[in-house]
Amino acid sequence: MTASLPPLPLPAPPVTRKGLLTFLDALGIAHTTHDHAPVFTVAESEQIKAHMPGGHTKNLFLKDKKGNLVLISAEHSTRIELKRLHERLGCGRLSFGSAERLEDALGVTPGSVTAFALVNDPDRRVRFILDAALMMHETLNFHPMKNDATTAISRAGLLAFLAALGREPEIMDFTAGA
């Protein structure tokens with residue numbers, strides 16, 4: 001019988017880039033980070049993507065009328081129908097969350113939304129959804145808490161990171177029914 005190790009303690013929010021990368025190292029998750037000029041849109045990141053293989057993400061921080069919060073990490077080219085998304089998610093109509101709500105819930109600012117920011121949500125207030133198309137890639141690219149760098153991590157590494165946070169992502173095919 002193999003003795004299991006106690007779970008790794010989560011870093012205290014708000015976790016910075018350094019804290020995130022240290023946490024990934026402690027989990028034994030390989031990652032590579034590339035520094036670049038800050039990017040705020042998918043279009044601005046096109047040149048960066050050309051030099052980094054794998055699935056590149058767009059990340060949407062949303063809220064419904066009841067204040068429920070949703071983070072979607074999707075492949076940069078995935079089309080997401082926000083007007084009908086609430087029907088698929090079984091929640092109220094969705095809109096983008098404010099900068100204040102984003103910083104309060106995930107500890108990041110607009111333009112820096114990332115799946116890695118879930119480390120700043122120990123109370124699991126934010127529902128997390130991953131795009132099925134993104135999960136087809138072996139390597140995934142996310143901002144490491146700020147939009148002036150991109151961190152590449154394996155698909156298995158992302159799932160291990162989420163498991164360390166006690167989260168199991170909802171994987172959704174955004175092309176279904178489109």
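On a predicted model such as this, the values are computed, not experimentally measured, just so you know. Computed over heavy atoms, backbone and side chain alike; hydrogens, waters and symmetry mates excluded. Sequential numbering from 1 along the given sequence is applied to the chain's residues.
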Measure across [X] and [Y] and return the closest heavy-atom pair with its distance rounded to 0.1 Å.
{"X": "His36", "Y": "His34", "answer": "CD2-O, 3.5 Å"}
{"X": "Ile29", "Y": "Ala160", "answer": "CD1-CB, 3.9 Å"}
{"X": "Ser112", "Y": "Asn147", "answer": "OG-N, 3.0 Å"}
{"X": "Arg79", "Y": "Phe174", "answer": "O-CB, 4.1 Å"}
{"X": "Pro53", "Y": "Thr139", "answer": "O-CG2, 3.9 Å"}

Atom [atom1] of [X] and atom [atom2] of [Y]: how far apart are they, to the nearest 0.5 Å?
{"X": "Leu62", "Y": "Ile129", "atom1": "CG", "atom2": "CD1", "value": "8.5 Å"}
{"X": "Asp121", "Y": "Arg127", "atom1": "CG", "atom2": "CZ", "value": "14.0 Å"}
{"X": "Lys146", "Y": "Leu20", "atom1": "NZ", "atom2": "CG", "value": "13.5 Å"}
{"X": "Glu87", "Y": "Arg93", "atom1": "CD", "atom2": "CZ", "value": "7.0 Å"}

I'd like to check [X] versus [Y] (side-chain heavy atoms, cut-off strictly below 4.5 Å). Are they in contact?
{"X": "Val119", "Y": "Met145", "answer": "yes"}
{"X": "Leu106", "Y": "Phe61", "answer": "yes"}
{"X": "His31", "Y": "Asp25", "answer": "yes"}
{"X": "Met135", "Y": "Leu159", "answer": "yes"}
{"X": "Thr150", "Y": "His143", "answer": "yes"}

Please check this pair: side chain of Arg124 against backbone of Gly166, looking for a donor-acceptor N/O pair closer than 3.5 Å. yes
Taking Lys58 for its side chain and Thr78 for its backbone only, find out whether a donor-acceptor pair lies under 3.5 Å.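 Yes, the answer is positive, given that a donor and an acceptor are paired below the 3.5 Å cut-off.
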For [X], what residues pass the side-chain hydrogen bond (donor to acceptor under 3.5 Å, both in side chains) criterion, not counting sequence neighbours?
{"X": "Asn120", "result": "none"}
{"X": "Asp35", "result": "Arg17"}
{"X": "Thr33", "result": "Thr151"}

For residues 63-74, run the donor-acceptor check on the side chains, cut-off 3.5 Å, and write out each pair with its distance to 0.1 Å, sequence neighbours left out.
unit_1	atom_1	unit_2	atom_2	d
Asp64	OD1	Lys66	N	2.9
Asp64	OD1	Gly67	N	3.1
Asp64	OD1	Asn68	N	2.9
Asp64	OD1	Asn68	ND2	3.4
Asp64	OD2	Asn68	ND2	3.0
Asp64	OD2	Gly92	N	3.2
Ser73	OG	Asn59	OD1	2.5

Quickly, which of Asn141, Thr57, Ile171, Leu158 forms a side chain to side chain contact (heavy atoms under 4.5 Å, CB included) with Leu134? Name it, please.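 Output: one option passes, namely Thr57.
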Looking at His137, His56, Met136, which hits side chain to side chain contact (heavy atoms under 4.5 Å, CB included) with Glu75? His137
Side chains of residues 96-105: which donor-acceptor partners sit under 3.5 Å, not counting sequence neighbours?
unit_1	atom_1	unit_2	atom_2	d
Ser98	OG	Arg101	N	3.0
Asp104	OD2	Arg125	NH1	3.2

The criterion is ring-ring contact (aromatic ring centres under 6.0 Å, His included); which residues satisfy it with Phe161, sequence neighbours excluded?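 ring-ring contact (aromatic ring centres under 6.0 Å, His included) list for Phe161, sorted by chain: Phe116.
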